Protein chains: 2
Amino acid sequence: MPRPKAFDEEQALDAAMRTFWANGYEATSTEDLCRATGLGRSSIYNTFTSKHELFKRALVRYTNLMTTSQLALLEDETRSAKDRLHDLFDAIIAGEEENRRDDRGLGCLTVNTTVELAARDREAAELVARDQQRRLDALTTVIGIGQRDGELTSGRDPAELARFLNAVIAGMRVAGQGGADIPTLRAIANTALDAL
Amino acid sequence: MPRPKAFDEEQALDAAMRTFWANGYEATSTEDLCRATGLGRSSIYNTFTSKHELFKRALVRYTNLMTTSQLALLEDETRSAKDRLHDLFDAIIAGEEENRRDDRGLGCLTVNTTVELAARDREAAELVARDQQRRLDALTTVIGIGQRDGELTSGRDPAELARFLNAVIAGMRVAGQGGADIPTLRAIANTALDAL
DNA sequence: CACGTTTTGGACAGATCGATACAAAATAGG
DNA sequence: CCTATTTTGTATCGATCTGTCCAAAACGTG
């Protein structure tokens with residue numbers, strides 16, 4: 001009965017996500033979002049309510065895409081704990097290599113959001129905190145397995161080591177945005193993994 | 001002959017620096033800067049030319065304050081290389097503890113700037129790159145000394161280890177902004193230092 | 001084919017943005 | 001005390017921001 005939408009909602013959300021990812025929340029105008037999605041203002045507001053609501057949906061989409069694929073690597077029981085951690089860092093570096101503009105990485109939308117918004121946007125802060133917890137839990141589990149198997153020799157608490165790796169990942173993202181090249185990121189990752 | 005300024009320029013710059021630090025570049029309005037500094041628009045524009053110019057000066061001030069004091073720790077020849085690195089991380093954590101708002105860290109203005117602006121503000125990117133290079137050089141030197149003295153046992157290239165530590169520092173800043181508490185930051189730091 | 005419903009485009013509202021204009025106030029030197 | 005010079009407060013500029021309004025277009029259905 002109603003007139004159907006002339007666009008794919010997920011596709012539009014994806015374009016919006018990339019725009020927020022590349023430029024941040026504040027620096028992305030609603031007109032930028034129109035251009036990126038190819039939609040008119042009415043369609044955007046009719047579908048996504050507001051810029052802030054659209055950002056939250058884009059952030060959720062980002063964490064679902066990224067974290068789901070990363071957790072799949074960490075939960076792959078066909079591989080050893082150590083190999084899973086290496087796979088994770090390989091994937092992160094491959095992602096950084098893929099998403100470059102002017103010899104700089106785009107970073108990670110959750111890191112960018114933490115830095116730009118966490119202090120004054122409670123909803124955004126909660127979304128990234130929830131995502132971070134999922135990743136920390138998975139990391140902790142894998143590290144525990146590695147310790148049990150004698151593959152990881154650091155005697156530290158697995159949860160602590162997980163937070164350490166998580167911090168290194170965030171640091172790699174920042175380094176990539178600062179212009180660090182792929183070999184540099186790889187060296188950082190290897191140093192971190194050796195610490196376990 | 002001229003009428004003298006009724007305010008202290010450095011003090012105003014300091015207030016502006018703190019505002020950019022806490023809220024980021026885009027989210028800081030010129031009116032915010034007026035309120036923070038206590039100055040009128042005319043005084044700000046008369047003294048600092050533009051918001052962007054003021055930001056650059058604030059960023060330079062930040063890097064001078066922070067990096068100078070941190071390099072002093074790294075170059076303190078009365079202490080061993082390992083102790084100097086521990087001193088650095090202690091100072092960073094003490095700084096994080098000092099600058100909290102709503103149980104979150106403010107992060108680090110250079111990290112925040114890298115994330116928010118490096119991709120589209122060449123001047124800001126160059127300022128943070130220059131600061132980062134200073135820090136990397138000092139770290140590399142100290143790590144080299146530690147290796148020569150047999151205090152640090154990792155056989156890795158000192159410059160690589162320096163980039164690793166730098167990434168961990170950035171990651172700690174992000175973690176602090178995400179709500180990590182001080183013991184967590186300390187654990188991350190200790191894990192990183194053990195890797196050397 | 002006509003109706004009910006939704007989408008869509010474009011104009012526009014209200015607020016806020018960074019920056020400027022200008023006159024009054026203030027000061028050190030003559 | 002007067003003058004030259006700069007600062008300062010206020011008003012305001014034009015641009016841009018997010019979000020709304022409304023009429024016309026487009027579709028599934030009876």
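Note that the structure is predicted; figures quoted are calculated from it, not measured. The figures that follow rest on heavy atoms only: side chains count, while hydrogens, waters and symmetry mates do not. The sequence lines fix the lettering, A, B, ..., with proteins before strands; numbering per chain opens at 1.
- For residues 89-104 of chain A, the set of pairs meeting the side chain to side chain donor-acceptor pair (under 3.5 Å) definition, not counting sequence neighbours, comprises A:Glu96-A:Arg173.
- Distance, B:Phe55 CZ to C:dG18 C1': 16 Å, rounded to whole Å.
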Would you mind writing out the side-chain donor-acceptor pairs for residues 182-190 of chain A within the sub-3.5 Å range, not counting sequence neighbours?
from     : atom 1 : to       : atom 2 : distance (Å)
A:Thr184 : OG1    : A:Asp181 : OD1    : 2.7
A:Asn190 : ND2    : A:Arg186 : O      : 3.4

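- Ion pairing between a basic and an acidic side chain is recognised when a charged N comes within 4.0 Å of a carboxylate O; B:Asp137 and B:Arg134 show no such pairing.
- When rounded to the nearest whole Å, the span between CD1 of A:Ile44 and P of C:dG9 equals 11 Å.
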Return all side-chain donor-acceptor pairs below 3.5 angstrom for residues 70-77 of chain A, not counting sequence neighbours, or 'none' if the list is empty.
from    : atom 1 : to      : atom 2 : distance (Å)
A:Asp76 : OD1    : A:Thr78 : N      : 2.9
A:Asp76 : OD1    : A:Thr78 : OG1    : 2.6
A:Asp76 : OD2    : A:Thr78 : OG1    : 3.3

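- Scored by the side-chain contact (heavy atoms from CB on, under 4.5 Å) test, B:Ser50 finds B:His52, B:Glu53 as partners (sequence neighbours excluded).
- Rounded to an integer number of Å, the gap from CG of B:Leu33 to P of C:dC17 is 11 Å.
- In this structure, A:Glu9 places its CD atom 10 Å from P of C:dT7, rounding to the nearest Å.
- In this entry the distance linking CZ of B:Phe20 with C1' of C:dG18 reads 12 Å, nearest Å.
- With sequence neighbours left out, the ring pair (Phe, Tyr, Trp, His ring centres under 6.0 Å) criterion links B:Phe55 to B:Phe20, B:Tyr25.
- Atom CZ of B:Phe48 and atom P of C:dA19 are 14 Å apart (whole Å).
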* Asked: Could you run down nucleotides 10-20 of chain D 5' to 3' and tag each one B, S or - for protein heavy-atom contact under 4.0 Å?
  -> BB-----SBBB
